Each structure stands twice: as structure tokens, then as C-alpha cells.
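Read the structure below first, then the notes.
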Protein chains: 2
Amino acid sequence: MSKQPKYQQVADALRREIDNGTYGPGSRLPSEAELAARFDASRNTVRSGLSLLVSQGLITSSQGLGYEVRKHEVFELNASRFENLDFPQNGDAYSTDVVNAGRRPHQTFRVEVTTTPEYIAQRLKVEPGSRSVLRFCHRFVDDVPWSTQATHYPDWLVQEAPRLAEPGDIDEGTTRYLAGLGIEQVGYADEIATRMPTPEEARLLEIGPGVPVLLWTRTGYTTERPVRCTVTTFRGDLNRMNYEIGDLSARNENEAK
Amino acid sequence: MSKQPKYQQVADALRREIDNGTYGPGSRLPSEAELAARFDASRNTVRSGLSLLVSQGLITSSQGLGYEVRKHEVFELNASRFENLDFPQNGDAYSTDVVNAGRRPHQTFRVEVTTTPEYIAQRLKVEPGSRSVLRFCHRFVDDVPWSTQATHYPDWLVQEAPRLAEPGDIDEGTTRYLAGLGIEQVGYADEIATRMPTPEEARLLEIGPGVPVLLWTRTGYTTERPVRCTVTTFRGDLNRMNYEIGDLSARNENEAK
DNA sequence: TAGTGGTCTAGACCACCTC
DNA sequence: AGGTGGTCTAGACCACTAC
């Protein structure tokens, strides 16, 4: 058993006390000065220990207030049910999901013409650097930044569906608008990854240290070819994705919760 | 434009230089002492900036060696094709996937009888604290820790399928073994989440700071009820999950890569 | 105004790697 | 041996929040 550095001992001790409920979710930790006295360490050493827990997503800190144990509540997104065309409502699937969960959604929206980034071009099977329309959405739930969503449409598609390039929302939803033009998406390729946020993402999503992002890339296909590529960036601490595969009648028949 | 703290300026400057290729993947950064001179800051301040980049997963550090720009290579796992019963090979789907990618897999394995944790019990629709069999797998690719996988089987199922409780691998795969007993999984409910690793996970997966884990929970159902719940923990920097939904003939017909 | 965390410094000593 | 990062200290000053 090798000797642990002191800041590790601080972090471990506090983690144990958080795990066993001494400090519950939302409660405040003792101040740095108190902890320094308790562990017979300098304030800086205590800070090292605390910053470890911060970067592990266990606690947060705010100037003038102190350290607080992080609360976890997650929003579930059913990706296999998403964007069903027999959708009962107008508006997009996101708002419906959020309202159904008893929460209040809002979003900011913008449309621009861009050159297609490499990552997107691969998936849309177009030349990198060619033109595409980007529809970008910044989403909030109860005024907390929740996710960003960037959908790219290739240039050839915009020729057939000019409203994609117009600013402002498309009331019936873009998927349905395209379907009305005979461009029906019959398949999706989803990719899911995780990493720490870039500074830009941290700003948009108001993510503190220790919170990863969940990246969801969906490429939509007609029977002929890919028609759109959507990259959604979620706060990892607030979201979970669900997929249903095959026959789940055994699960759904007596659903309570 | 408010003034940034000096350690932020250090982090931002280095991030820019990494992004624009001044320091490419795998290359070494200047030493702390050199950076301190360059930014006219104390060594501790430079360390704050560097540790920011470490916790963002952009660089790693090793004692005696220095700081290095992280390399990214990801392994893709197709979750919708996974565990297909018409699978051509013996052995489990994981090994097949890895070998197909030209990599060398190995795993350690253990079986134990446990009391069902809350999280699992909910999904298997059994009492929390009741008995279940846990089959646990620690997986490596080219000797790099890759993922852990813990599958729980409820007690009632183990009565019908006693080999589940025996130590050692089941050659034909557990899914096929169960199918041979008339217990066929016809549906899966998948849940995907991300967070920073616990110290235990960081140890098993040899994860450094700044790397999140990807959590994949799959509950398998017969037409009657849930029969198993598998929780897989991936290193977030090395793995990506894919799902294919609906008709993707347009994508697969002229697949090159 | 008092208490909290945030930034920054200068310096000491240790542990690890390479030569 | 010399250079690298890792740990730790003591103290200063700033910025934010509460009262």
C-alpha cells in the first residue's frame, strides 16, 4: 500500500462522505479554510483535492458561495421513436417530448449557407467545401441550456426544397416538408460518441468542468441517397438516449412509470 | 471584452496551436519552465493552464516525460447488428468485431452470484436485493483496456438455464444457449449515457483525467418478460456506437470504407 | 463588512525518465 | 546528473455573495 498524496486523501475522504450521504445532493461542503484545518494541509492542497472532485463531475464551485454537491436529473430521449412521421402534433418532435415531460422548452434558431465541413461531407456523400444549408438550433429546457443541433442539407436538395434555405422555422417540420415534396427519409444512420466539451460548447451549453458532452450524429437517407446530417450536442449530465430494437411488447404492455 | 486570467490565456494559446497543427497528435509540448518564460508567468500558473487542457482531454502528462498531444482513434460498435442470431461464427460478437477490425482482443471473465442492485432490478422487474447471476467481462484490445461488461440474469432464469451460473465461458454464446432452451430474446431496450469515470472505473479502464466513459445498458426481452440486463462501460475516447434504423439500402449498396 | 472561492507568486523538495 | 512533471507550502490580492 503506497502512500497517497495529501490532496488525494482529501478528495477520497470527501468522496466517501458524499457517497455515504454525509453531504447529500445540493448540500454545501465546508469552506476551504475549514477543510485545510481538518486535514492539516495548506489551502492550495485542499483546493487540489476539491478541483479533482469538480473535474470528476461530483461537485461544483461558485465564487462567494462555496462548493456544492451536484444534483443529477436526466432527461430521456427516445431516438428510435424520434421523428416518426405519424406524429400526432405539429411542431418538432423535441418540443413535444419536452412538454410531455412537463417541462418548458424554448429555442433560438438560425439558418445559414455554409461550406460543408469534412465530417458532414463524408456522411452526405458530397465534396468537402461544397455549399450546404445549415439550420442551427440552440435549445433550452426551463431556461437551462440543453443541447445544440446543427442540420446540414446538401446543395442539390436545397434546389428541390427551397424553403430549407429560408430563415425562420418550418411549421410542419422539415421532415414532413420534405416528405410533401416526395423526399421521404426511410432510414437513419446514428452515431453516438462522448468527449469533453470544446470551450465553444462549454459556453453555449453553460457546462462547467467535469461534465462531458454526448454527441449524436444522425444521417437521414431516402431510398436513393443521404439527404441530411444532423449533429446534436447534449449536456452529458442532463441527457440519456434510448433505443428500442425489435419486439418490446413485453415491456410496454404494463408500463407504469 | 473582459480580461482573461493568465492561466486561461496560456490554455487558449496552446489550444490554438494544437488546433492549427503547430503541435500535432502525439507531439510533445514545451516544458513547464519554457512555457513560464514564454508567458511571463510562474510555473504554477502555467500548470493551471496545462491542467485545464488535460481535464478537457486535449493533452496528457507523464512524470519525467512532459506533456503530449492526445491521439484519437476510435473503434465503432454497431449496436443494431450486435448479437444477431444468424451470426456466422461461434464465440461472442465482441471478439468477432474486433478481429474483423484487424485488432487483437482478449478478455478476463468471472461469474458470481450477487444481490441485484437497484438499477438492474428495475429493469429486470425483480425485487431489489433478490439473487441474480452476474457474468462480468473485462475486455482489452491490443492489450489496452477497452471496456467492462456486466450482465445480470434473474434467479428464475438461472433455474431454467443452470449453465449461466457455472464459471467459464459458454462456447456458443449465452444468447444462443438461451435460445436453445426456448428462451429467445426478441427485443432490446438500450440506454446510453455519459459521465466522468468513478475512481474504480478509472482504474479498470486505465483512464486518465479528461476522458469520460460511455455507458450502455441493454435489457433483453422475450415475448413474455425481461431476461437479462447488460451494462457496458466504454472508454469514451476510444469508442463510438452506431445504430441503423429503417431502410439503409442507399448507404450500404456501394460501401467502400 | 465579513466570508467565500479565484488567481498568482516564489520557492522547496520529491519522483520519474533519459543519458 | 540533469531535466521533466508532481506535491506542498505560505502568503498576497482580487471578485463575488451575503448580510
Side-chain angles (χ1 to χ4, degrees), chain A residues 1-14 18 23 26-70 199 202-203 206-211, chain B residues 1-14 18 23 26-70 199 202-203 206-211:
Chain A
M1 195 61 129
S2 69
K3 187 181 185 301
Q4 293 259 30
K6 203 184 272 188
Y7 78 95
Q8 270 282 0
Q9 298 175 27
V10 173
D12 288 349
L14 291 175
I18 290 169
Y23 303 108
S27 70
R28 273 198 43 201
L29 260 45
S31 73
E32 295 179 348
E34 289 177 86
L35 292 172
R38 168 177 164 196
F39 290 102
D40 186 31
S42 77
R43 188 179 155 223
N44 280 334
T45 300
V46 168
R47 281 178 64 78
S48 297
L50 287 165
S51 73
L52 238 186
L53 298 182
V54 169
S55 78
Q56 292 169 351
L58 205 62
I59 61 178
T60 60
S61 71
S62 11
Q63 211 167 29
L65 285 175
Y67 291 84
E68 194 169 290
V69 180
R70 199 188 275 282
R203 192 178 58 78
E206 289 175 23
I207 284 185
V211 179
Chain B
M1 197 59 127
S2 69
K3 186 182 185 301
Q4 293 260 30
K6 203 184 273 188
Y7 78 95
Q8 270 283 359
Q9 298 176 26
V10 173
D12 289 349
L14 291 175
I18 289 169
Y23 303 109
S27 70
R28 274 197 43 200
L29 259 46
S31 72
E32 294 179 348
E34 288 177 87
L35 292 171
R38 168 177 163 195
F39 291 102
D40 187 30
S42 78
R43 188 179 154 221
N44 281 334
T45 301
V46 168
R47 280 179 64 79
S48 297
L50 287 165
S51 74
L52 239 186
L53 297 182
V54 169
S55 78
Q56 291 169 352
L58 205 63
I59 61 177
T60 60
S61 71
S62 12
Q63 210 169 28
L65 285 174
Y67 291 83
E68 195 169 287
V69 180
R70 199 188 275 282
R203 193 178 56 79
E206 288 175 25
I207 283 185
V211 179

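A, B, ... follow the sequence lines: proteins, then strands. Residue 1 opens every chain. These numbers come from a predicted model, not from an experiment.
Rounding to the nearest 0.5 angstrom, the gap separating the OH atom in Y7(A) from the CG atom in D12(A) is 10.0 Å. Atom OH in Y67(A) sits 9.0 Å away from atom CG in L35(A) (nearest 0.5 Å). Going from atom CD of E32(B) over to atom CG of N44(B) covers 8.5 Å, rounded to the nearest 0.5 Å. Atom CD in Q8(B) sits 10.5 Å away from atom OG in S48(B) (nearest 0.5 Å).
With hydrogens and angles ignored, the 3.5 Å screen pairs no side-chain donor or acceptor of K6(B) with any backbone N or O of S42(B).
We find that CD of E68(A) is positioned 16 Å from P of dT4(C), with the value rounded to whole Å. Atoms CG (L29(A)) and C1' (dG3(C)) sit 16 Å apart, rounded to a whole Å. As a whole-Å value, the separation of L65(B) CG from dA15(C) P is 17 Å.
In this structure the side chain of L14(B) reaches within 4.5 angstrom of the side chain of L53(B), judged on heavy atoms.
Take the nearest nucleotide of DNA chain D for R47(B) and for V46(A): the residue whose nucleotide is more 5' is R47(B).
Counting non-hydrogen atoms under 4.0 angstrom, S62(B) reaches the backbone sugars and phosphates but no base.
Here chain A contacts DNA chain D (any atom closer than 4.0 Å to a heavy atom, that is under 4.0 Å), and the contacts span dT7(D) to dA18(D) from 5' to 3'.
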